[in-house]
Amino acid sequence: MPLALDVAATAVSAQGRHAEALSLYDEALPVFARVFGAGHPRTLKARSDRAQVLTSLGRHAECEAECAAVVPAAARSTEPEAAHVATAARNGRVFALSALGRHPEAEALAREALAAHDLPERFSLVLRLNLARSLNGQARHEEALAEAERAQRLHRGLPAAERRAEAGAVDLAVATALLGLGRRDEARARAVAGHDACLAVLGPDHRRAAEARELVGRIDA
């Protein structure tokens with residue numbers, strides 16, 4: 001039952017139905033804790049995933065606090081998958097910190113996570129995207145563009161199934177940096193490409209699709 005609720009929550013969140021996903025996680029978490037235990041990586045992963053749904057609903061401070069709590073809990077676990085849970089929670093916290101305007105903190109945390117040994121490429125990709133976000137937030141657009149281009153190379157190297165979750169994300173990171181550098185036409189082309197990718201894979205209600213629309217509007221203005 002808890003795993004079925006988790007799959008359902010992941011599926012509806014990927015379609016941009018974030019409020020519905022939050023309700024499913026709220027239903028699932030007490031069952032996870034009862035079946036697996038509060039410190040089990042599956043329970044902690046569900047907490048991390050729920051926190052990142054919160055930030056999709058604009059509840060960034062709650063996301064940051066929950067991700068910050070999951071990281072040490074995962075670090076205490078001896079289960080092999082716990083390290084991935086901790087990394088995912090760190091990444092969620094980096095995103096939330098940038099959304100809160102705390103870009104230097106986000107940058108420091110992203111760089112610390114990227115320095116870990118044996119970091120899977122999927123995690124390296126999302127952390128580099130969030131590092132680019134934090135650098136753009138500090139108007140360090142040349143550095144942000146370099147990180148976004150590194151993320152682009154990682155994204156292209158992943159299997160097709162693993163690329164879908166980050167549909168449009170690389171385009172938006174590149175477009176934001178290009179806009180900051182005054183390269184407006186290039187920025188618009190990448191932002192439109194990102195929006196198209198979001199619509200094709202995630203649907204119009206997803207947080208990233210809304211971000212893409214906002215970016216295109218900002219460029220046009």
Quiz item: What closest approach, in Å, do Val70 and Ala89 show between heavy atoms, and which atom pair accounts for it?
Solution: CG1-CB, 3.8 Å
Practice problem: Would you sort out whether Arg122 and Glu166 count as a salt bridge (charged side-chain N to carboxylate O under 4.0 Å, His left out), showing the intermediate values? | Solution: CA-CA 10 Å; Arg122 172 81 169 69; Glu166 304 313 316; 3.2 Å; yes
Quiz item: Relative to the ring of His18, is the ring of His206 parallel (under 30°), tilted (30 to 60°) or perpendicular (over 60°)?
Solution: perpendicular
Quiz prompt | hydrophobic_cluster_shared for Val35 and Leu29, side chain cutoff 4.5 Å | solution = no
Self-check item: CZ on Phe123 to CG on Asp118, rounded to 0.5 Å
Solution: 13.0 Å
Quiz item: Heavy-atom distance under 4.5 Å between the side chains of Gln15 and Leu202, does that happen here?
Solution: no
Quiz item: Are Leu154 and Val94 connected, step by step, through hydrophobic side chains (Ile, Leu, Val, Met, Phe, Trp, Tyr) whose heavy atoms are closer than 4.5 Å?
Solution: no
Quiz item: Looking at Arg207 and Glu211, does any basic side-chain N land under 4.0 Å from a carboxylate oxygen?
Solution: yes
Quiz item: Going from CG on Leu5 to CG on Asp26, what distance comes out if it is rounded to the nearest 0.5 angstrom?
Solution: 11.0 Å
Practice problem: Side-chain contact test, heavy atoms from C-beta onward, threshold under 4.5 Å: evaluate it for His40 versus Ser77 and give yes or no. | Solution: no
Self-check item: Pairwise side-chain contact, Leu127 with Thr87, heavy-atom cut-off 4.5 Å (strictly under)
Solution: yes
Quiz item: Should Val192 and Leu181 be regarded as members of a common hydrophobic cluster, given that ILVMFWY residues are connected when their side-chain heavy atoms come within less than 4.5 Å of each other, either directly or indirectly?
Solution: no
Exercise. Would you check if the side chain of Thr43 reaches a backbone N or O of Gly39 as a donor-acceptor pair within less than 3.5 Å?
Key: no
Quiz prompt | Flag side-chain contact, heavy atom, 4.5 Å: Leu179 against Arg190 | solution = no
Self-check item: Test item: side-chain donor near acceptor, His103 and Ser134, under 3.5 Å
Solution: no
Quiz item: Got Val71 and Arg93 here, is their nearest side-chain heavy-atom distance under 4.5 Å?
Solution: no
Self-check item: Donor-acceptor side-chain pairing of Ser48 and Gln52 below 3.5 angstrom
Solution: yes
Quiz item: Can you name the nearest heavy-atom pair linking Val174 to Ala148, along with the distance?
Solution: CG2-CB, 3.7 Å
Quiz prompt | Closest non-hydrogen atom pair between Leu215 and Ala175, with its separation | solution = CD2-CB, 3.8 Å
Quiz item: Are any of the side-chain nitrogens in Arg17 or Asp205 under 4.0 Å away from the carboxylate oxygens of its partner?
Solution: no
Quiz item: Quick one: CG on Leu100 to CZ on Phe95, what's the gap to the nearest 0.5 Å?
Solution: 10.0 Å
Quiz item: For Arg164, does the CZ atom sit with more than 12 other heavy atoms under 6.0 Å from it, leaving out its own atoms?
Solution: no
Quiz item: Does one hydrophobic cluster hold both Tyr25 and Leu57, with members joined at side-chain heavy-atom distances below 4.5 Å?
Solution: yes
Quiz item: Do Arg208 side-chain atoms and Cys198 backbone N/O form a donor-acceptor pair below 3.5 Å?
Solution: no
Exercise. May I have the step-by-step check of side-chain contact (heavy atoms from CB on, under 4.5 Å) for Glu147 and Leu129, ending in yes or no?
Key: CA-CA 7 Å; Glu147 288 299 338; Leu129 286 170; over 6 Å; no
Quiz item: Does any non-hydrogen side-chain atom of Arg59 lie less than 4.5 Å from one of Val53?
Solution: no
Quiz item: Do the charged groups of Glu107 and Arg111 touch, with an N to O distance under 4.0 Å?
Solution: yes
Self-check item: Heavy-atom pair with the smallest gap, counting every atom of Arg133 and Ser98
Solution: CD-CB, 3.9 Å
Exercise. Starting at SG of Cys63, measure out to NE2 of His60 and round the result to the nearest 0.5 Å.
Key: 8.5 Å
Quiz item: Can you hop from Val7 to Leu24 via hydrophobic side chains spaced under 4.5 Å?
Solution: no
Practice problem: Measure the spacing between CG of Asp6 and CG of Asp49 and express it to the nearest 0.5 Å. | Solution: 6.0 Å
Exercise. Would you mind checking if Arg50 and Glu66 are paired as a salt bridge, meaning a charged N to carboxylate O distance below 4.0 Å?
Key: no
Self-check item: Among Asn91, Leu114, Leu97, the one residue meeting side chain to side chain contact (heavy atoms under 4.5 Å, CB included) with Leu109
Solution: Leu97
Quiz item: Do you know the tightest heavy-atom contact between Pro204 and Leu199?
Solution: CA-CD2, 3.7 Å
Quiz item: Which pair of heavy atoms, one from Glu81 and one from Pro41, lies closest together, and at what distance?
Solution: CG-CB, 3.5 Å
Quiz item: When rounded to the nearest 0.5 angstrom, what distance separates CG in Leu54 from CD in Glu64?
Solution: 12.0 Å
